[in-house]
Participant: 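Let me give you the structure first, and then I'll get to my questions.
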Amino acid sequence: FSFKLVKTTHVTPVGHISFDYVAQEINTFGNGGVVNGTVIVPTSGTYLITTSVNAITQINILDITLKLNNTDVKNATKGGVLLMSALLFINSGDMISLHSNNSTQSLTTLEVTLIKPDQTV
């Protein structure tokens, strides 16, 4: 299971980040996938979540939050380019989303990959 979401439009409103398209989709499970820019995991296991956020104007500050079931998991603030990753045990049916805490225009990717099913980190 691996999904890579890409946002190519520059407008980034405060709140949930919507993505323009799915650049990569590998899903051998009968469930899970992407709904409205949120990744729903098909099975419990250890997942690698990575994101890359590039501000249109490199001096602008990015403030991004990774959420699991609408609960903050990780937050990062940085100017220009922000890279964030997390290795998490996630339960089947849980939802992963990315949120912007300011309106800095950016290009954004979110990638969610199952590393090992039914195992903790």
Side-chain angles (χ1 to χ4, degrees):
F1 181 87
S2 182
F3 276 81
K4 181 177 184 178
L5 309 179
V6 177
K7 183 179 86 55
T8 56
T9 56
H10 299 162
V11 176
T12 304
V14 173
H16 177 77
I17 296 175
S18 296
F19 293 89
D20 299 321
Y21 65 95
V22 177
Q24 171 185 308
E25 177 181 344
I26 300 169
N27 189 357
T28 58
F29 297 87
N31 59 339
V34 175
V35 177
N36 297 328
T38 299
V39 177
I40 302 169
V41 301
T43 187
S44 298
T46 302
Y47 287 81
L48 174 63
I49 304 163
T50 59
T51 188
S52 171
V53 186
N54 297 296
I56 298 305
T57 304
Q58 294 301 299
I59 60 170
N60 286 348
I61 300 298
L62 298 159
D63 186 357
I64 302 295
T65 300
L66 175 68
K67 293 190 177 199
L68 178 63
N69 296 325
N70 288 321
T71 301
D72 294 4
V73 173
K74 192 169 189 176
N75 180 264
T77 303
K78 189 170 186 278
V81 177
L82 187 150
L83 303 172
M84 185 169 39
S85 65
L87 192 61
L88 302 169
F89 182 83
I90 301 174
N91 292 308
S92 177
D94 282 356
M95 299 177 296
I96 301 163
S97 57
L98 203 59
H99 296 255
S100 178
N101 301 311
N102 63 13
S103 58
T104 298
Q105 293 185 355
S106 61
L107 302 174
T108 306
T109 62
L110 171 65
E111 194 163 0
V112 177
T113 303
L114 176 63
I115 301 299
K116 192 161 189 173
D118 300 319
Q119 297 290 320
T120 58
V121 179

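Bear in mind the structure is a predicted one, so any value in this text is a computation, not a measurement.
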Participant: Does any N or O in the side chain of Asn27 come within less than 3.5 Å of the main-chain N or O of Phe29, such that one atom is a donor and the other an acceptor?
Facilitator: yes
Participant: Give me the one residue out of Asn70, Leu98, Thr38 that meets side chain to side chain contact (heavy atoms under 4.5 Å, CB included) with His16.
Facilitator: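 Of all the options given, the one that passes is Thr38.
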Participant: Keeping the roles fixed (side chain from Asn54, backbone from Ser106), state whether a donor-acceptor pair exists under 3.5 Å.
Facilitator: no
Participant: Hey, does the side chain of Thr104 reach the backbone of Ile61 with a donor-acceptor pair shorter than 3.5 angstrom?
Facilitator: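 Here the side-chain-to-backbone pair exists.
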Participant: Please check: side-chain N/O of Gln58 versus main-chain N/O of Ala55, any donor-acceptor pairing under 3.5 Å?
Facilitator: yes
Participant: Measure from the side-chain N and O atoms of Ser44 to the backbone N and O of Ser92, and report whether any donor-acceptor pair falls under 3.5 Å.
Facilitator: yes
Participant: Looking at residues at least two apart in the chain, or sitting in another chain, which of them share a salt bridge (Lys or Arg N to Asp or Glu O under 4.0 Å) with Lys67?
Facilitator: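 Salt bridge (Lys or Arg N to Asp or Glu O under 4.0 Å) list for Lys67, sorted by chain: Asp72.
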Participant: Ignoring hydrogens and angles, state whether a donor on the side chain of Ser2 or Gln24 is under 3.5 Å from an acceptor on the partner side chain.
Facilitator: yes
Participant: Whether the Ser100 and Asp63 side chains hold a donor-acceptor pair (N or O, under 3.5 Å, no angle test) is what I'd like checked.
Facilitator: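 Distance-only check fails for Ser100 and Asp63.
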Participant: With side chain to side chain donor-acceptor pair (under 3.5 Å) as the test, would you mind laying out the steps for Thr8 and Asp20 before giving the verdict?
Facilitator: CA-CA 6 Å; Thr8 56; Asp20 299 321; 2.9 Å; yes
Participant: Could you tell me the separation between the CG atom of Asp94 and the OH atom of Tyr47, rounded to the nearest 0.5 Å?
Facilitator: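 Rounded to the nearest 0.5 Å, the CG-OH separation comes to 9.0 Å.
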Participant: Please report whether the ring centroid of Phe19 lies less than 6.0 Å from that of Tyr21.
Facilitator: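 They do not qualify: ring centres at least 6.0 Å apart.
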Participant: Working to the nearest 0.5 Å, report the span between NZ of Lys116 and OG1 of Thr43.
Facilitator: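 With rounding to 0.5 Å, NZ (Lys116) is 13.5 Å from OG1 (Thr43).
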Participant: Only one of Ile90, Val41, Ile49, Asn91 forms a side chain to side chain contact (heavy atoms under 4.5 Å, CB included) with Leu68, so which one is it?
Facilitator: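 When Ile90, Val41, Ile49, Asn91 are each tested with Leu68, the side chain to side chain contact (heavy atoms under 4.5 Å, CB included) holds only for Ile90.
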Participant: Would you find a donor on one side and an acceptor on the other, under 3.5 Å apart, between the side chain of Thr51 and the backbone of Thr109?
Facilitator: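 Pair found, side chain donor or acceptor close to backbone of Thr109.
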